[in-house]
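Only one structure is covered here, and it is reproduced in the block below.
In what follows, every chain begins at residue 1, and chains take the letters A, B, ... in the order their sequences are listed. In this text the structure is predicted, and so the values were computed from the model without any measurement.
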2 protein chains.
Amino acid sequence: MNKDNPRHEVFGAMQSFGVNSVMFRNAIGKKLGLNITDIGCLNYMLIKTKSTPGELSRYTGLTSGATTSMLDRLEKLKFIRRLPNLKDRRGTMIELLPEARSMILPFLAGAQAAQQELLKEFSDDDLEIVTRFVNGFSKSIQDQADQIDL
Amino acid sequence: MNKDNPRHEVFGAMQSFGVNSVMFRNAIGKKLGLNITDIGCLNYMLIKTKSTPGELSRYTGLTSGATTSMLDRLEKLKFIRRLPNLKDRRGTMIELLPEARSMILPFLAGAQAAQQELLKEFSDDDLEIVTRFVNGFSKSIQDQADQIDL
DNA sequence: CTGTATTATCAAGATACTTGATATTCAAGA
DNA sequence: TCTTGAATATCAAGTATCTTGATAATACAG
């Protein structure tokens with residue numbers, strides 16, 4: 001394992017990104033007066049828009065009981081709402097409310113602007129390479145997570 | 001904002017990676033019988049090897065009091081140890097114990113193997129592009145996090 | 001249909017977190 | 001040097017959150 005080999009720097013970059021992502025959402029959570037669990041859930045909802053308690057339970061690592069009370073908090077705060085799940089009458093659909101989205105987006109604006117600038121430094125071919133790598137890397141840890149859960 | 005534009009797929013890939021990272025470390029934490037906070041801390045320590053309570057407090061989003069008791073737990077479980085901070089006698093250095101590392105690494109092995117395979121599909125030039133993009137993206141959210149904290 | 005699994009919720013008890021106070025040390029300036 | 005204000009980590013008390021185990025409703029497989 002040669003650490004001077006540029007082929008290994010990319011792993012470090014991915015790790016740093018993971019760390020910075022966490023610190024980023026924690027910073028937003030603190031501003032909104034939310035605990036770490038709740039802002040983690042909202043971060044996920046911001047990406048997925050719709051989800052279910054079961055899925056959120058798997059993402060957050062919480063038990064189903066804790067997930068219920070997390071959703072109770074977020075519902076009371078008008079960040080999400082529960083809807084009937086038409087595909088499974090036992091279940092519930094969780095929806096991020098538009099007002100919640102507009103409450104969070106301002107915190108992302110600066111980063112998004114910087115990301116648009118970053119994009120200009122790369123060709124379409126470049127970005128195809130990046131996407132392919134990141135998706136591959138992402139899959140490697142997703143497969144491993146599934147393996148561990150089995 | 002054209003969603004069919006491949007220039008936007010790369011953002012989705014980064015988001016998915018962030019989500020998968022969280023689920024990955026939660027899966028490992030569950031196997032080790034650790035709570036979400038503690039596995040988050042260990043994940044960070046696995047990257048940094050050495051840290052301080054203050055730094056871990058900023059990463060986890062915990063207050064200093066909660067950080068102290070988190071470190072008490074991890075110290076009792078022999079995952080970390082506290083050492084005197086030679087550069088600041090108020091402070092403490094936190095060190096990941098080698099035994100802890102060897103306890104966690106087996107869970108990463110499968111993913112690391114897949115990542116080595118992935119690496120083969122990319123040239124050095126490709127990887128330089130990926131690294132540059134990921135670092136730039138990482139910086140965009142780090143800067144924004146700093147901005148929010150101020 | 002019948003039995004088993006899955007989904008989400010609830011209540012009680014266990015765990016972890018926040019707040020505010022404290023002691024120590026640092027860093028800057030008189 | 002000596003003083004002052006800030007930063008480090010810890011602790012104890014009170015609060016918030018989480019886990020566990022039980023429950024009801026529905027899905028799904030045989």
Side-chain angles (χ1 to χ4, degrees), chain A residues 22 25-27 29-45 48 50-77 79-95 149-150, chain B residues 22-23 25-27 29-45 48 50-77 79-95 146 149-150:
Chain A
V22 171
R25 66 165 180 60
N26 285 349
K30 204 138 272 180
K31 279 289 174 186
L32 293 175
L34 295 169
N35 68 39
I36 297 166
T37 300
D38 295 1
I39 188 62
C41 173
L42 286 182
N43 175 53
Y44 187 81
M45 289 302 298
K48 301 284 184 180
K50 289 203 173 186
S51 187
T52 65
E55 188 181 350
L56 291 166
S57 165
R58 282 185 289 278
Y59 172 65
T60 57
L62 295 175
T63 59
S64 60
T67 303
T68 295
S69 56
M70 170 188 76
L71 293 171
D72 288 346
R73 291 192 300 271
L74 291 174
E75 193 171 41
K76 192 154 79 175
L77 292 170
F79 280 104
I80 59 110
R81 64 171 175 172
R82 289 173 162 100
L83 296 170
N85 186 337
L86 303 175
K87 289 172 188 160
D88 183 344
R89 281 184 299 172
R90 290 168 304 182
T92 307
M93 285 296 302
I94 306 299
E95 190 180 82
D149 277 330
L150 80 116
Chain B
V22 170
M23 296 186 74
R25 63 165 182 61
N26 285 349
K30 205 137 273 182
K31 279 288 173 187
L32 293 174
L34 294 169
N35 68 39
I36 296 165
T37 300
D38 295 1
I39 189 61
C41 174
L42 286 182
N43 175 54
Y44 187 82
M45 291 301 299
K48 301 283 184 180
K50 289 202 172 187
S51 187
T52 64
E55 189 181 351
L56 291 167
S57 164
R58 282 185 289 278
Y59 172 64
T60 57
L62 295 175
T63 59
S64 58
T67 303
T68 294
S69 58
M70 170 187 76
L71 292 171
D72 289 345
R73 289 193 300 270
L74 290 173
E75 194 172 40
K76 193 153 79 175
L77 292 170
F79 280 104
I80 60 110
R81 64 171 174 171
R82 287 174 164 101
L83 296 170
N85 186 339
L86 303 174
K87 290 171 187 161
D88 184 343
R89 283 184 297 174
R90 290 167 303 182
T92 307
M93 285 296 301
I94 306 299
E95 191 180 81
D146 292 345
D149 276 331
L150 71 116

For D:dT10 and B:R90 - does any side-chain N or O of the residue sit under 4.0 Å from the phosphate oxygens OP1/OP2?
no
Atom-to-atom span, CG of B:L71 to C1' of C:dC17 - whole angstrom
14 Å
Below 4.0 angstrom from OP1 or OP2 of C:dT9, is there any side-chain N or O of A:R82?
yes
Calculate the interatomic distance between A:L34 atom CG and D:dA16 atom P; express it in whole Å.
15 Å
Taking CD1 from A:I36 and C1' from C:dC17, how many angstroms apart are they, rounded to a whole number?
9 Å
Among the nucleotides D:dA9, C:dT9, C:dT25, which one has an atom lying closest to any side-chain atom of B:T92?
D:dA9
When the distance from CG of B:D72 to C1' of D:dA12 is rounded to whole Å, what number comes out?
13 Å
Euclidean distance, A:M93 CE relative to A:E55 CD, rounded to 0.5 Å:
8.5 Å
Base, sugar-phosphate, or nothing: which does A:L62 touch, judged by heavy atoms less than 4.0 Å apart?
sugar-phosphate
Would you classify A:D88 as touching base, sugar-phosphate or nothing, given that sugar-phosphate means primed atoms plus P, OP1 and OP2, and contacts are heavy atoms under 4.0 Å?
sugar-phosphate
Ignoring hydrogens, what is the shortest heavy-atom contact between B:S64 and B:S57? Give both atom names and the distance.
N-OG, 4.3 Å
Rounded to whole angstrom units, what separation is found between the CZ atom of A:R73 and the P atom of C:dT9?
13 Å
For B:G91, answer base if it contacts any base atom (sugar-phosphate contacts may also be present), sugar-phosphate if it contacts only those atoms, and nothing otherwise; contact means non-hydrogen atoms under 4.0 Å.
sugar-phosphate
Between B:E95 and B:K50 the two heavy atoms that sit nearest each other are OE2-CE, 3.2 Å
Could you check whether any side-chain heavy atom of A:D149 comes within less than 4.5 Å of a side-chain heavy atom of B:M23, counting everything from C-beta outward?
no
Quickly work out the B:N26 CG to D:dC18 P distance and round it to whole Å.
12 Å
Find the distance B:M70:CE to D:dC11:C1' and express it as a whole number of Å.
16 Å
Measuring from the side chain of A:R89 (C-beta onward, heavy atoms only), which nucleotide among C:dA16, D:dA27, D:dC18 has the closest atom?
D:dA27
Taking the side chain of B:T52 as its heavy atoms from C-beta onward, which of D:dT19, D:dA9, C:dA8 lies nearest to it?
D:dA9
In whole Å, I'd like the distance from the NZ atom of B:K30 to the P atom of D:dC18.
12 Å
Is the phosphate of C:dC17, meaning OP1 or OP2, less than 4.0 Å from a side-chain N or O of B:T37?
yes
Rounded to the nearest 0.5 angstrom, the CZ-OG1 distance for B:R90 and B:T52 is 11.0 Å
Taking only side-chain nitrogens and oxygens of A:R58, does any of them come within less than 4.0 Å of OP1 or OP2 of C:dT6?
no
Quick one: label A:N85 by what it contacts on the DNA or RNA (base, sugar-phosphate, nothing), any heavy atom closer than 4.0 Å.
nothing
Any side-chain N or O of A:N35 less than 4.0 Å from the OP1 or OP2 oxygen of D:dT17?
yes
